[in-house]
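Letters A, B, ... mirror the listed sequences (proteins, then strands); counts begin at 1.
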Amino acid sequence: MRRESSPALATRAAAICRALAGAYPDAHCELDYKTPLELLIATILSAQCTDKRVNIVTMELFRVCKTAADFDALPIEQLEELVKTTGFFRAKAKNIKACCTALVARHGGEVPRTMDELTQLAGVGRKTANVVLGNAYEMNVGVVVDTHVSRLSQRLGLSKATTPEKIETDLMGLIACEQWALFSHWLIWHGRRRCKARKPECSECELAMLCPSANNAPKKKRA
DNA sequence: ATCCCGAGGG
DNA sequence: CCCTCTGGAT
């Protein structure tokens, strides 16, 4: 397959955005939150866990703790018990506690608004930081690249990179920055509903005409 | 069995 | 760079 010219790729990316906007007009963050701290904790909890369960646990957590100082003061055993059903509970509890300790010690109990400060927090990588910045703070700092965004970006030919960092850079060059947060939600929604890891439903896919990986293979060979 | 919006450590 | 952490949902 010949390499797509860069203007052609940008045009196709824009068309993909339009198709996604049409298919998922209400795409949004499916983690429930009312404050940046709630979203930060919810996102830390979301690794290898369904949003539905994260939302239940986040609600319970914030019934017990309201502020970063409250989490900082909560015994680790109690935190582990509270987050147990989200999986990786020891690591998540430890990270949440260390994270909140740092929020209190260095940020006046507030969730910081920069990539550097966020990624220095325990349990917070670029992906989590981008979720908080893009959704709770509505800042276009980067593109959330999770497992869905990686997979779909590759299938759609928007990036050939394999690391999340490189994929993010590629996407930032292709998508208008006002759409970065929305774009992630579109791909995540589409990745969950249609372009699944195992059995992508290409025959039903709204993006098939725009996707180099679509199973466009003619069902029947023409005579 | 296989999947779910990762991050840290060796 | 790969390995590990971990439980619920389907």
Minimum-distance nucleotide (side-chain atoms of A:Thr147 versus C:dT6, B:dC3, B:dG6): B:dG6
Donor-acceptor contact present, side-chain A:Lys92 to main-chain A:Gly87, <3.5 Å: yes
For atom CD1 of A:Ile41 and atom P of B:dG6, their distance in whole Å: 17 Å
Side chain of A:Thr85 - closest among C:dT6, C:dG8, B:dA7: C:dG8
Between C:dG8 (C1') and A:Lys92 (NZ): distance, integer Å: 11 Å
Euclidean distance, A:Arg53 CZ relative to A:Asn55 CG, rounded to 0.5 Å: 10.5 Å
5′-ward residue of the pair A:Ala129/A:Gly191 relative to DNA chain B: A:Gly191
Near-parallel close stack of A:Phe88 and B:dG6 base (under 5.5 Å, under 30°): yes
Polar side chain donor-acceptor pair, A:His185 to A:Tyr24, under 3.5 angstrom: no
A:Lys199 NZ to C:dT10 C1', straight-line distance once rounded to whole Å: 13 Å
A:Lys66 to A:Asp70 - nearest heavy-atom pair and separation: N-OD2, 2.8 Å
Nucleotide nearest A:Lys127 when distance is taken to its side chain, options C:dT6, B:dC4, B:dG6: B:dG6
Rounded C1' spacing from B:dT2 to C:dT6 in Å: 15 Å
d(CG, A:Asp51; C1', C:dG8) in whole Å: 13 Å
Results of salt bridge (charged side-chain N to carboxylate O under 4.0 Å, His left out) for A:Arg12 - residues two or more places apart only: A:Glu4
B:dC3 OP1/OP2 closer than 4.0 Å to side-chain N/O of A:Thr50: no
Distance, rounded to the nearest Å, where A:Arg90 contributes CZ and B:dG6 contributes P: 20 Å
Selected nucleotide, minimal atom distance to A:Phe89 side chain, candidates C:dG8, B:dC4, C:dT6: C:dT6
Donor-acceptor pair, side chain of A:Asp170 and main chain of A:Ile167, under 3.5 angstrom: no
Among B:dG6, C:dA9, C:dG7, the one nearest A:Asp146 by side-chain distance: B:dG6
Neighbour count above 12 (heavy atom, 6.0 Å) for A:Lys166 NZ: no
Out of B:dG6, C:dT6, B:dC4, whichever nucleotide has its closest atom nearest the side chain of A:Ala47: B:dG6
From B:dT2, C:dG8, B:dC4, nucleotide with atom closest to A:Arg151 side chain: B:dC4
Sorted by number, the residues of residues 163-187 of chain A with heavy-atom contact under 4.0 Å to DNA chain C: none
Partners meeting salt bridge (charged side-chain N to carboxylate O under 4.0 Å, His left out) with A:Glu110 (sequence neighbours left out): none
For atom CD of A:Glu30 and atom C1' of B:dC4, their distance in whole Å: 12 Å
Side-chain N or O of A:Arg53 closer than 4.0 Å to phosphate OP1/OP2 of C:dA9: yes
Touch class at under 4.0 angstrom, heavy-atom based, for A:Val54 against every strand present: nothing
For atom NZ of A:Lys84 and atom P of C:dA9, their distance in whole Å: 16 Å
Earlier contact from the 5' end, DNA chain C, for A:Lys52 and A:Gln48: A:Gln48
Between B:dA7 (C1') and A:Leu40 (CG): distance, integer Å: 13 Å
